[in-house]
2 protein chains.
Amino acid sequence: MRELVKAFKALSDETRLRILSLLMERGCCVCEVMQALDISQTRASRNLSALYDAGFLKLRKDGLWSLYSIDRDGMEKYFSNLVDAVRKALEGNKVVDMDRERLREAERVGPGCVTRMRK
Amino acid sequence: MRELVKAFKALSDETRLRILSLLMERGCCVCEVMQALDISQTRASRNLSALYDAGFLKLRKDGLWSLYSIDRDGMEKYFSNLVDAVRKALEGNKVVDMDRERLREAERVGPGCVTRMRK
DNA sequence: ATAGTATAAGCGGAAATGCGCATATAAGCC
DNA sequence: GGCTTATATGCGCATTTCCGCTTATACTAT
């Protein structure tokens, strides 16, 4: 019960839904998330952690990078259609699409993208 | 998007999940909910309102009574299996079952049950 | 070692939430 | 009309949430 409440809490935030939507396209490190969604590092990190704690994300550390990706099993533990529901709810929402270019740019730049892309 | 956040918010509270679980068995008026779950009138009323605002409940007024019941369409707008998920998550949880007797009692007593059953 | 980079975490404040107490509202009953 | 009852709501407070600022940590590169 407490666990289900926690899962719903994790989902009841716009930033986290945007993150989920982004990660559904492909796994990202923290700095890619902050670039793509145009949010602060603290905000990206904290909300990724929250989703991870709720069991919705997998984490793989690679050097300086923390690579987060969707944990399908975790996402569908309670709702077999949760992934589709989130995707559908964000459909037509330009929030993620808008920044796709920045995301590609961050990917291209690689480590150092945070400070280098700030300007 | 905002709407989906609102729906998740409504679900991310233990009291509200208990209420949903109760209403899945059968529609209840506010005083039956407070009796069955042993919560205050304010708490029952407020949380029922929240679930109603989120589109999960239907409301029928009958004299003094406000009869709330599950709105299947609202519940399954995003998640076709939401009803089952909540039910399953609460399975084995004695919280509701414990008070089934009080609920029957409230139903038997009818109007006046709040004050009469307080003693 | 020194400097740079990505991420996490402590701290504090602003805002939102949950809820008890009291009161308001509205319907029923005498 | 008054009295009772069921429900909703305003107010205030405690708690939680969110997040920016800053600092800590840990890995990389030179």
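Chain A is the first sequence line, chain B the second, and so forth, proteins listed ahead of strands; every chain is numbered from 1.
When rounded to the nearest whole Å, the span between CE of B:Met34 and P of C:dC21 equals 12 Å. The CZ atom of A:Arg60 sits 17 Å away from the P atom of C:dA6 (whole-angstrom rounding). Separating the CD1 atom of A:Ile39 from the C1' atom of D:dC19 is a distance of 11 Å, rounded to the nearest angstrom. Put simply, CZ on A:Phe8 is 18 Å from C1' on C:dT17, counting in whole angstrom units. Protein atom CG of A:Asp62 is 13 Å distant from nucleotide atom C1' of C:dT7, rounded to whole Å. If you measure from atom CZ of B:Arg46 to atom C1' of C:dA16, you get 14 Å, rounded to the nearest angstrom. Rounded to an integer number of Å, the gap from A:Leu57 CG to C:dT7 P is 14 Å. Between the CD atom of A:Gln35 and the P atom of C:dT7 there is a distance of 10 Å, given to the nearest Å.
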>> Working note: A:Ser69 + A:Arg60, criterion side-chain hydrogen bond (donor to acceptor under 3.5 Å, both in side chains); need CA distance, chi angles, decisive distance, verdict.
In response: CA-CA 8 Å; A:Ser69 57; A:Arg60 186 169 64 79; over 6 Å; no

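Taking side-chain N and O atoms only, B:Arg16 has a distance below 4.0 Å to OP1 or OP2 of C:dG18. The phosphate of C:dC19 has neither OP1 nor OP2 within less than 4.0 Å of any side-chain N or O from B:Ser40. Between C:dT7 and A:Ser45, no contact under 4.0 Å exists linking OP1 or OP2 to a side-chain N or O. For the pair B:Asn47 and C:dT17, the criterion of a side-chain N or O lying under 4.0 Å from OP1 or OP2 is not met.
In the set D:dC18, D:dT7, C:dG20, C:dG20 carries the atom at the smallest distance from any side-chain atom of B:Arg43. Side chain of B:Trp65, nearest nucleotide from D:dA6, D:dG20, D:dT9: D:dA6. Closest to the A:Leu64 side chain, of the nucleotides D:dA8, C:dA8, D:dA26, is D:dA26. Here the side chain of B:Lys9 is nearest to one of D:dC11, C:dT17, D:dC19, namely C:dT17. Of the candidate nucleotides C:dG20, C:dT7, D:dA6, C:dT7 has the atom nearest to the side chain of A:Val30.
In terms of modelled atom types and a separation under 3.5 Å, the side chain of A:Ser45 and the main chain of A:Thr42 share no donor-acceptor contact.
On a pure distance criterion of 3.5 Å, a polar donor-acceptor pair joins the side chain of A:Thr42 and the base of D:dC21. Remark: the B:Gln41 side chain and the D:dA8 base include a donor-acceptor N/O pair separated by less than 3.5 Å.
Exactly one of A:Leu67, A:Asp71, A:Leu23 qualifies for a side chain to side chain contact (heavy atoms under 4.5 Å, CB included) with A:Lys58. That residue is A:Asp71. The only member of A:Cys28, A:Ser49, A:Cys29 that meets side chain to side chain contact (heavy atoms under 4.5 Å, CB included) when paired with A:Tyr68 is A:Ser49.
Applying the 6.0 Å contact sphere to CD of A:Glu76 captures more than 12 heavy atoms from other residues, nucleotides or ligands.
Across all strands shown, A:Tyr68 has heavy atoms under 4.0 Å from sugar-phosphate atoms exclusively, and none from any base.
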